Amino acid sequence: MPSSDKPTVVLVHGAFADASSYAQVIPRLIARGLDVVAPAVPNRSLIGDAAYIASIVRQVPGPVVLVGHSYGGAVITVAGTEDNVKALVYLAGYALEKGESLGDLQGRFPDSDLAAALVYTPFPVEGSATPGTDVSVRTDKFPAIFAADVDPRLAAVLAVSQRPLAAQAFADAAPAAAWKTKPSWGLVASSDHTINPDVERYGYQRAGMTTVEVDSSHLVMLAHPERVVDLIEEAVRATCD
């Protein structure tokens, strides 16, 4: 964990991925003199995941710029209410309203290609006789839907190393919307086949964010890392200098 009071960028990954989805972004941020933390999100429930990320943010001694990709956008919407969070950056992400769930927001718009490629798998829940449900993406469909402009060899690895998202995460209503009180930036991946880009645009416009559009697949951090780093750095300069 960083020990200085300079800004720390906390990178929150999304569903079907892990912190390695920021592998092209992290060295660039470090080269620009920023401290970086890239935690593993449990991907079990929006409420629980946000509480976990908030606990990490609280341990950072200085100001934080909180970045969320995809489902990670919903997580930072809740966790971003921590006092030391100075800015939020959404990357092809969900910017929920207070009381809104992922299902509610997605339901306003036509389905993306992802909807027809999801796989549902039961998993044991400790202390309960009722299993949970993990949601993942068909491995043969993953590259085209999630990572169309990423090196095909890497996309194939990502497809078989997915971190599923528990179905509960789609149903949890956000208990807070940090963008109401924190300056926010949003990146729309205009060639996204995982989240309908209009879902991204709607959430960002509703929040009054500074917004940019990049002709990218859902994994914009791997496909266009420089554009992502520039946006994060803009948020850092605007709120932490």
Side-chain angles (χ1 to χ4, degrees), residues 9-29 36 38-43 49 67-76 89-95 102 105-106 109-121 134-167 169-170 185-204 211-232:
V9 178
V10 178
L11 301 169
V12 181
H13 67 78
F16 322 127
D18 59 24
S20 67
S21 56
Y22 287 105
Q24 295 298 322
V25 168
I26 291 170
R28 288 171 166 85
L29 291 173
V36 180
V41 183
N43 282 5
D49 293 344
V67 180
H69 173 244
S70 188
Y71 166 66
V75 174
I76 70 169
V89 180
Y90 291 77
L91 305 174
Y94 294 101
L102 292 176
L105 178 54
Q106 288 194 144
F109 299 91
D111 285 341
S112 70
D113 294 342
L114 176 69
L118 294 175
V119 178
Y120 301 91
T121 308
D134 262 342
V135 184
S136 58
V137 184
R138 281 179 48 180
T139 55
D140 61 326
K141 299 290 187 181
F142 184 99
I145 291 174
F146 217 73
D149 50 359
V150 173
D151 184 318
R153 294 168 298 179
L154 175 57
V157 172
L158 297 172
V160 300
S161 58
Q162 295 177 52
R163 290 201 48 212
L165 181 67
F170 292 94
W185 283 255
L187 184 153
V188 175
S190 60
S191 295
D192 200 333
H193 290 275
T194 299
I195 299 176
N196 183 333
D198 286 338
V199 173
E200 301 164 23
R201 295 185 184 103
Y202 175 82
Y204 300 169
T211 303
V212 299
E213 298 219 4
V214 177
D215 183 10
S216 175
S217 71
H218 191 58
L219 277 179
V220 63
M221 309 91 70
L222 288 171
H224 301 278
E226 288 289 351
R227 298 293 300 276
V228 170
V229 169
D230 286 346
L231 187 64
I232 294 171

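Quantities reported herein were computed from a predicted structural model and do not represent experimental measurements. Just the heavy atoms: all of them, side chains too, but no hydrogens, waters or symmetry mates, feed the values below. Throughout, numbering of the chain's residues begins at 1 and tracks the sequence.
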Distance alone, cut at 3.5 Å: any donor-acceptor contact between the side chains of Ser217 and Asp149?
yes
I'd like to check the salt bridge (charged side-chain N to carboxylate O under 4.0 Å, His left out) partners of Asp151; sequence neighbours left out, ordered by chain and number.
Arg153
Arg138: what forms a side chain to side chain donor-acceptor pair (under 3.5 Å) with it, not counting sequence neighbours?
Asp140
Here the pair of heavy atoms bringing Val199 nearest to Gln106 is CG2-CA, 4.5 Å
Ser216: which residues meet the side chain to side chain donor-acceptor pair (under 3.5 Å) condition with it, sequence neighbours left out?
none
Give the ring-plane orientation class for His218 versus His69, where under 30° counts as parallel, over 60° as perpendicular and anything between as tilted.
tilted
Any non-hydrogen side-chain atom of Trp185 less than 4.5 Å from a side-chain atom of Tyr90?
no
Using a 3.5 Å distance criterion without hydrogens, assess whether the side chain of Glu200 forms a donor-acceptor pair with backbone atoms of Ala189.
yes
Quick one: does any side-chain atom of Arg163 pair with a main-chain N or O of Val41 as donor and acceptor, under 3.5 Å?
yes
Between Leu187 and Val220, does the side chain to side chain contact (heavy atoms under 4.5 Å, CB included) criterion hold? Intermediate values first, please.
CA-CA 9 Å; Leu187 184 153; Val220 63; 3.8 Å; yes
Is a donor on one side and an acceptor on the other found under 3.5 Å between the side chain of Asn196 and the backbone of Pro110?
yes
When rounded to the nearest 0.5 Å, the distance separating CE of Met221 from CZ of Arg28 is 12.5 Å
For the pair Arg201 and Asp198, evaluate salt bridge (charged side-chain N to carboxylate O under 4.0 Å, His left out) and give the outcome as yes or no after the intermediate values.
CA-CA 5 Å; Arg201 295 185 184 103; Asp198 286 338; 2.7 Å; yes
Hey, are Tyr71 and Asn43 close enough side-chain-wise for a donor-acceptor pair under 3.5 Å?
no
Side chain to side chain contact (heavy atoms under 4.5 Å, CB included) between Leu114 and Val137, worked out:
CA-CA 8 Å; Leu114 176 69; Val137 184; 3.6 Å; yes
Taking atom types as modelled, is there a side-chain donor on Asp215 or Ser191 under 3.5 Å from an acceptor on the other?
yes
Which heavy-atom pair separates Leu29 from Val9 by the least distance, and what is that distance?
CD1-CG1, 4.0 Å
Report yes if some heavy atom in the side chain of Ser136 is under 4.5 Å from a heavy atom in the side chain of Val119; otherwise report no.
yes
Correct closest heavy-atom pair for Leu222 and Ser20 would be CD2-O, 4.5 Å
Distance-only, no hydrogens or angles: does the Thr194 side chain make a donor-acceptor pair with backbone N or O of Ile145 under 3.5 Å?
yes
Would you say Ser70's side chain and Gly72's backbone share a donor-acceptor pair under 3.5 angstrom?
no
I'd like to check Leu231 versus Val89 (side-chain heavy atoms, cut-off strictly below 4.5 Å). Are they in contact?
yes
Which atoms form the tightest heavy-atom contact between Ala159 and Thr139, and what is the distance?
O-CG2, 3.3 Å
Would you check if Leu11 and Ile232 make a side-chain contact, meaning some heavy-atom pair closer than 4.5 Å?
yes
Please evaluate residues Leu219 and Leu158 with respect to the criterion side chain to side chain contact (heavy atoms under 4.5 Å, CB included), reporting the C-alpha separation (whole Å), side-chain torsions for both, the decisive distance (0.1 Å), and the verdict.
CA-CA 11 Å; Leu219 277 179; Leu158 297 172; 3.6 Å; yes
Between Asp113 and Phe146, is any pair of side-chain heavy atoms under 4.5 Å apart?
no
Between CG on residue Asp230 and NE2 on residue His224, distance to nearest 0.5 Å
13.0 Å
Taking all heavy atoms of Asp192 and all of Ile195, pick out the closest pair and write down the distance.
OD1-N, 3.1 Å
Using modelled atom types and a 3.5 Å cut-off, is there a donor and acceptor pairing between side-chain atoms of Ser21 and backbone atoms of Ala17?
no
Determine whether Val135 and Tyr120 satisfy the following criterion, side chain to side chain contact (heavy atoms under 4.5 Å, CB included), listing intermediate values before the conclusion.
CA-CA 5 Å; Val135 184; Tyr120 301 91; 3.8 Å; yes
His13 vs Tyr22 side-chain heavy atoms within contact, under 4.5 Å:
yes
I'd like to know if the side chain of Tyr204 and the backbone of Gly93 have a donor-acceptor N/O pair within less than 3.5 Å.
yes
Can you tell if the side chain of Val67 reaches within under 4.5 Å of the side chain of Val10, non-hydrogen atoms only?
no
Is there a side-chain contact between Pro225 and Val25, using heavy atoms and a 4.5 Å cut-off?
yes
